Amino acid sequence: MSQGLDAMVVSPGSDLRYLTGYDAKPLERLTALLVRADADAVMVVPALELLAAQASPLTDLGMQICAWSETEDPIALSHGLLGNVGAVAVDAHMWADRLLAFQQVAPSARFVSAASVIDAMRMRKDPQEIQALMTAGAAIDSVHAGMAQWLRPGRTEAEVGADIHAAILAAGHASVDFVIVGSGPNGASPHHELSDRVICGGDVVVVDIGGTMPSGYCSDSTRTYVIGNPLPEFLDRYSVLQAAQAAQVAAVAPGRTCQEIDGIGRSILAEAGMAELFIHRTGHGIGLLTHEEPYIVEGNTLPLEPGMAFSIEPGFYVVGQFGARIEDIVICTPDGGLPVNHRPHELITL
Ligand code: ZN
Ligand code: ZN
């Protein structure tokens with residue numbers, strides 16, 4: 001095992017699904033993948049999850065599954081399977097009480113985060129993962145394409161959101177991760193979700209939606225809509241935003257750093273006097289989680305590589321008035337950025 005590690009312990013979550021395909025339930029009963037430097041990996045599961053584990057891709061991997069009964073101590077069992085270990089990496093989302101229990105049974109072991117090892121793998125998507133993101137992108141695009149059916153004056157954000165929620169599932173997602181319908185002044189809060197505000201004529205509405213496909217891969221896309229005619233000062237700013245987002249997507253290429261991509265959009269907004277209105281980073285990586293490495297943000301000097309998948313989602317936010325955001329998921333390829341979302345970027349009048 002690299003990085004001087006003797007073992008790695010991975011609890012249920014996206015890291016476990018990435019490494020094994022097993023979408024294990026995060027129960028109070030211990031489920032853990034034990035990866036050992038000098039022996040085969042073993043999956044520890046509660047006895048009542050054994051059939052589920054055997055029905056999962058673990059079987060195709062030929063992985064040894066060790067089931068523990070209700071009265072056994074699974075931490076002690078795992079410790080015995082790990083043997084004498086010096087440095088143990090644990091997944092970054094492991095519950096604190098799990099980690100504390102492992103630390104208690106192995107007081108001389110050094111526990112470190114497995115994030116640097118696993119994130120480096122997860123960041124570079126293979127062709128199958130890229131296909132899964134493309135499928136997810138097409139599904140969420142189809143929901144945006146139907147927006148005129150639901151987003152109408154006189155309806156509340158919550159009513160519109162309920163319809164979008166159903167449409168995300170109807171489009172093939174296994175679950176809905178978030179539905180943001182930010183109308184009028186609510187659009188100025190980037191993570192506003194839904195409220196009972198009634199949408200009215202002249203409103204700008206930010207719709208940012210995403211879900212998880214049966215493959216485990218996520219969708220995430222934002223378009224900005226307007227009901228009737230918006231204020232002229234909004235239109236001027238929106239065209240700057242559109243230019244910034246397009247320039248950032250066009251700039252994606254291997255070797256470009258994450259912060260360069262962020263800076264390209266930020267400087268276009270700044271030239272138009274909108275620097276303070278762009279209050280968040282440009283984007284985030286996406287895969288089995290909606291937010292994962294690499295983050296497209298000032299200070300991240302990581303160079304882009306083929307296979308990296310991330311959002312490009314600049315926005316501007318004027319408190320008390322409106323907000324706007326345009327978001328596509330883009331994959332870095334040897335030839336440049338390949339967007340997975342294809343809905344029009346113009347302000348969409350409903
Ligand atoms: Zn996003
Ligand atoms: Zn989003």
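The model shown is predicted, which means the values in this text are computed figures rather than measured ones. Counting convention: from 1, in listed order, for ligands and their atoms alike. Hydrogens, waters and symmetry mates play no part in the numbers below; they use all other heavy atoms, side chains included. One-based numbering along the sequence shown.
Listed by chain and number, the residues in a side-chain hydrogen bond (donor to acceptor under 3.5 Å, both in side chains) with Asp141 are Asn341 (sequence neighbours excluded). Residues that satisfy the side-chain contact (heavy atoms from CB on, under 4.5 Å) test with Ala138, not counting sequence neighbours, are absent from this structure.
One N or O on the side chain of Ser219 and one on the backbone of Gly211 form a donor-acceptor pair closer than 3.5 Å.
Protein N/O/S atoms closer to the Zn ion (ligand 1) than 2.8 Å number 4 in this structure.
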Using distance only, find each side-chain donor-acceptor pair of residues 94-115 under 3.5 Å and give its atom names and separation, not counting sequence neighbours.
residue : atom : partner : partner atom : Å
Arg98   : NH2  : Leu27   : O            : 3.4
Arg98   : NH2  : Glu28   : O            : 2.4
Ser113  : OG   : Ala115  : N            : 3.0

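Among Val206, Asp203, Val226, Val204, the one residue that satisfies the side chain to side chain contact (heavy atoms under 4.5 Å, CB included) test with Phe322 is Val204.
Taking the centre and axis of the six-membered ring of Phe278, the NZ or CZ atom of Arg266 falls inside the cone set by 45° and 6.0 Å.
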